[in-house]
2 protein chains.
Amino acid sequence: MDHVTYINQEKHLVAVDCVIFGYEEGELKLLLFKRQLEPDFGKYSLVGGWIHQNESAEQAAERILQKITGLDNIFMEQVQVFSKPNRDPGGRVLSIVYYALIDIKIHDKKRTNQYGAEWFSINNIPQLIFDHQEMYCLALNKLRTKASYDIVGKDLLPKEFTLIQLRQLYNSIFGRDFDPGNFRKKIVSLSALNRLDKKDTSESKKGAYYYVFKTIDEIDISVRIVNI
Amino acid sequence: MDHVTYINQEKHLVAVDCVIFGYEEGELKLLLFKRQLEPDFGKYSLVGGWIHQNESAEQAAERILQKITGLDNIFMEQVQVFSKPNRDPGGRVLSIVYYALIDIKIHDKKRTNQYGAEWFSINNIPQLIFDHQEMYCLALNKLRTKASYDIVGKDLLPKEFTLIQLRQLYNSIFGRDFDPGNFRKKIVSLSALNRLDKKDTSESKKGAYYYVFKTIDEIDISVRIVNI
DNA sequence: TCAAAAGTGTTTTTTATACACCCATGC
DNA sequence: GCATGGGTGTATAAAAAACACTTTTGA
């Protein structure tokens with residue numbers, strides 16, 4: 001890109017939209033805003049905002065997520081850019097889409113309420129504005145891909161969790177039932193979790209062991225990357 | 001995104017950068033520009049351009065590729081957006097990165113020469129400006145991912161090609177030698193190719209059968225998606 | 001003691017890898 | 001007839017999938 005050509009170039013509005021996944025009551029959920037304006041009054045939208053001159057798209061997403069959920073250090077991945085000239089009827093806006101994973105239990109519910117955000121089960125998503133449905137679908141695909149070579153859950157589950165809870169999370173992400181035995185074997189074989197000497201007896205008499213994610217330095221780098 | 005907030009928002013310069021892969025002489029190659037200006041005079045850069053108001057990022061990439069190579073209908077995939085505020089010393093520019101696959105044999109060499117573009121083997125890439133090295137690495141990763149669940153080659157090889165040529169392409173993409181027998185079996189099992197009654201005798205006395213990609217309607221949808 | 005959830009073990013199938021071998025042909 | 005790639009077959013190993021079985025414990 002020649003520097004001399006920087007001046008007099010067309011500039012664009014650039015937004016960030018976040019597909020915010022949470023997990024609660026055995027279901028993967030999505031945080032959405034109810035739109036208060038025409039067009040598309042009453043429809044729902046992803047959580048979004050403008051990108052500023054002095055920040056990266058990641059930083060913009062972090063800023064927006066912090067504002068809505070009160071949380072920092074949220075796990076996030078870029079999905080892709082949406083740039084069709086007429087994707088937004090309000091004007092020419094490029095949107096950089098991220099997906100984020102958060103633990104619904106620990107986010108600031110006052111804030112989300114204040115901003116009129118609601119959680120929806122991914123089995124029951126309302127109609128979304130513009131191309132937000134496509135954004136969500138791509139984000140879910142990306143999450144599934146990640147979940148199939150890495151154990152996702154660190155950001156969606158409480159610090160201590162059982163393998164049953166982890167499996168239910170996976171069932172919810174992939175929309176199918178994983179075999180309990182095989183799932184357990186696969187997860188254990190990745191040796192990314194530590195078992196605690198502590199059981200969750202709320203679901204059964206026998207009780208299920210709690211697990212936690214290993215810290216970075218505990219992880220055996222040689223044992224990684226397999227399909228679930 | 002509220003419509004009332006569209007006005008008075010900060011606007012941004014948005015560029016498109018293309019990681020253009022080609023294949024020739026048994027090597028995967030990359031098309032690069034030699035930079036004629038300071039800063040970074042003499043370093044190389046990806047092929048890029050500005051995005052216009054009335055076009056999507058994809059359309060901008062198509063326009064730029066058409067200008068440089070003379071080709072239409074080029075296979076392309078979005079890699080990701082690069083948006084760090086200081087990534088470009090010339091100013092705040094967001095860059096949307098695509099990778100493209102083209103058959104070097106059929107592109108317009110006069111054009112690439114005219115624009116000062118050169119092909120480099122991916123085993124011998126010169127120093128690139130800004131964050132273009134990272135863009136290239138991500139693009140190659142994305143290409144490898146695609147190549148492992150889909151047969152890439154339709155856009156890099158001539159219409160008719162031997163399985164030996166396809167294997168050499170894969171060797172070049174992944175930087176390792178695939179087992180001839182196993183590679184052949186795997187490719188055939190995907191039943192995405194048709195064998196012609198025609199041999200390439202330029203490499204051996206026996207000759208190797210030519211293959212072509214099946215057309216969309218010939219492809220058996222049930223046989224897809226496996227790792228190579 | 002038995003129901004119900006947690007956890008383990010066994011069998012089968014599929015896929016990947018390594019490598020030996022046969023084939024066709026021009027010299 | 002033999003060297004040289006091209007192509008096929010087989011044997012082994014590793015993963016995934018299916019599913020039977022044992023363990024624990026409160027009611």
Side-chain angles (χ1 to χ4, degrees), chain A residues 25-26 144-145 147-151 153 157 160-171 173-212 222-228, chain B residues 25-26 144-145 147-151 153 157 160-171 174-212 220 222-228:
Chain A
E25 294 158 357
R144 284 176 175 166
T145 301
S148 62
Y149 65 79
D150 217 356
I151 305 180
L157 295 172
E160 303 181 350
F161 54 91
T162 66
L163 292 190
I164 289 95
Q165 287 177 288
L166 183 63
R167 178 164 52 82
Q168 283 164 348
L169 169 61
Y170 267 76
N171 288 345
I173 289 174
F174 286 93
R176 70 190 190 85
D177 285 334
F178 287 93
D179 178 277
N182 294 338
F183 183 84
R184 171 180 297 272
K185 256 180 296 179
K186 170 50 66 89
I187 294 296
V188 170
S189 80
L190 297 174
S191 58
L193 306 181
N194 284 330
R195 196 177 81 175
L196 305 182
D197 275 333
K198 204 170 142 189
K199 285 187 165 188
D200 167 26
T201 52
S202 68
E203 301 291 321
S204 74
K205 299 133 195 176
K206 186 179 177 182
Y209 281 107
Y210 279 114
Y211 285 76
V212 292
S222 67
V223 187
R224 302 300 296 281
I225 301 175
V226 194
N227 275 51
I228 288 174
Chain B
E25 296 159 355
R144 284 177 174 166
T145 301
S148 60
Y149 65 79
D150 217 356
I151 305 181
L157 295 171
E160 304 181 348
F161 54 90
T162 66
L163 293 191
I164 290 95
Q165 288 177 288
L166 183 63
R167 178 163 52 81
Q168 283 164 346
L169 169 61
Y170 267 75
N171 288 345
F174 286 93
R176 70 189 189 89
D177 285 333
F178 288 92
D179 178 278
N182 295 337
F183 182 84
R184 170 180 298 272
K185 257 181 295 179
K186 169 52 62 94
I187 294 295
V188 170
S189 80
L190 296 174
S191 57
L193 305 182
N194 284 329
R195 196 178 80 175
L196 305 182
D197 275 334
K198 208 171 140 189
K199 285 187 164 187
D200 167 25
T201 51
S202 67
E203 302 290 322
S204 73
K205 300 133 196 179
K206 185 178 177 181
Y209 282 107
Y210 280 114
Y211 285 77
V212 293
D220 177 359
S222 66
V223 187
R224 301 299 298 281
I225 301 175
V226 195
N227 275 51
I228 286 174

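By convention in this document, chain letters (A, B, ...) are assigned in the order of the sequence lines, proteins followed by strands, and residues within each chain are numbered from 1.
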Is the charged tip of A:Arg195 near the ring of A:Tyr209: under 6.0 Å from the six-membered ring centre and within 45° of its axis?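 Yes, cation above the ring, under 6.0 Å and within 45°.
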Between A:Lys185 and C:dT8, is there a side-chain N or O to OP1/OP2 distance below 4.0 Å?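 The answer is no; no side-chain N or O of A:Lys185 sits under 4.0 Å from OP1 or OP2.
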What is the separation between atom [atom1] on [X] and atom [atom2] on [N], rounded to the nearest whole Å?
{"X": "A:Phe161", "N": "C:dA6", "atom1": "CZ", "atom2": "C1'", "value": "16 Å"}
{"X": "B:Arg184", "N": "C:dC21", "atom1": "CZ", "atom2": "C1'", "value": "15 Å"}
{"X": "B:Tyr210", "N": "D:dG6", "atom1": "OH", "atom2": "C1'", "value": "14 Å"}
{"X": "B:Leu163", "N": "D:dG5", "atom1": "CG", "atom2": "C1'", "value": "14 Å"}
{"X": "B:Glu203", "N": "C:dG26", "atom1": "CD", "atom2": "C1'", "value": "15 Å"}
{"X": "B:Lys199", "N": "C:dA24", "atom1": "NZ", "atom2": "P", "value": "8 Å"}
{"X": "B:Lys205", "N": "C:dG26", "atom1": "NZ", "atom2": "C1'", "value": "6 Å"}
{"X": "A:Ile187", "N": "D:dA15", "atom1": "CD1", "atom2": "P", "value": "16 Å"}

Heavy-atom closest contact (B:Phe183 atom, B:Leu163 atom, distance): CE2-O, 4.0 Å
Is a donor-acceptor contact shorter than 3.5 angstrom present between the side chain of B:Lys206 and the base of C:dA24? no
Determine the interplanar angle of the A:Phe174 and A:Tyr170 rings, folded into 0 to 90°, and report it as parallel if under 30°, tilted if 30 to 60°, perpendicular if over 60°.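 The rings of A:Phe174 and A:Tyr170 lie parallel, inter-plane angle below 30°.
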A:Lys186 side-chain proximity, nearest of C:dA6, D:dA16, D:dG5: D:dA16
Per A:Ser204 side chain, nearest of listed nucleotides C:dT17, D:dG5, C:dA5: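 Looking only at side-chain atoms, A:Ser204 lies closest to C:dA5.
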What about A:Tyr211 and A:Phe161, are their ring centers closer than 6.0 Å? no
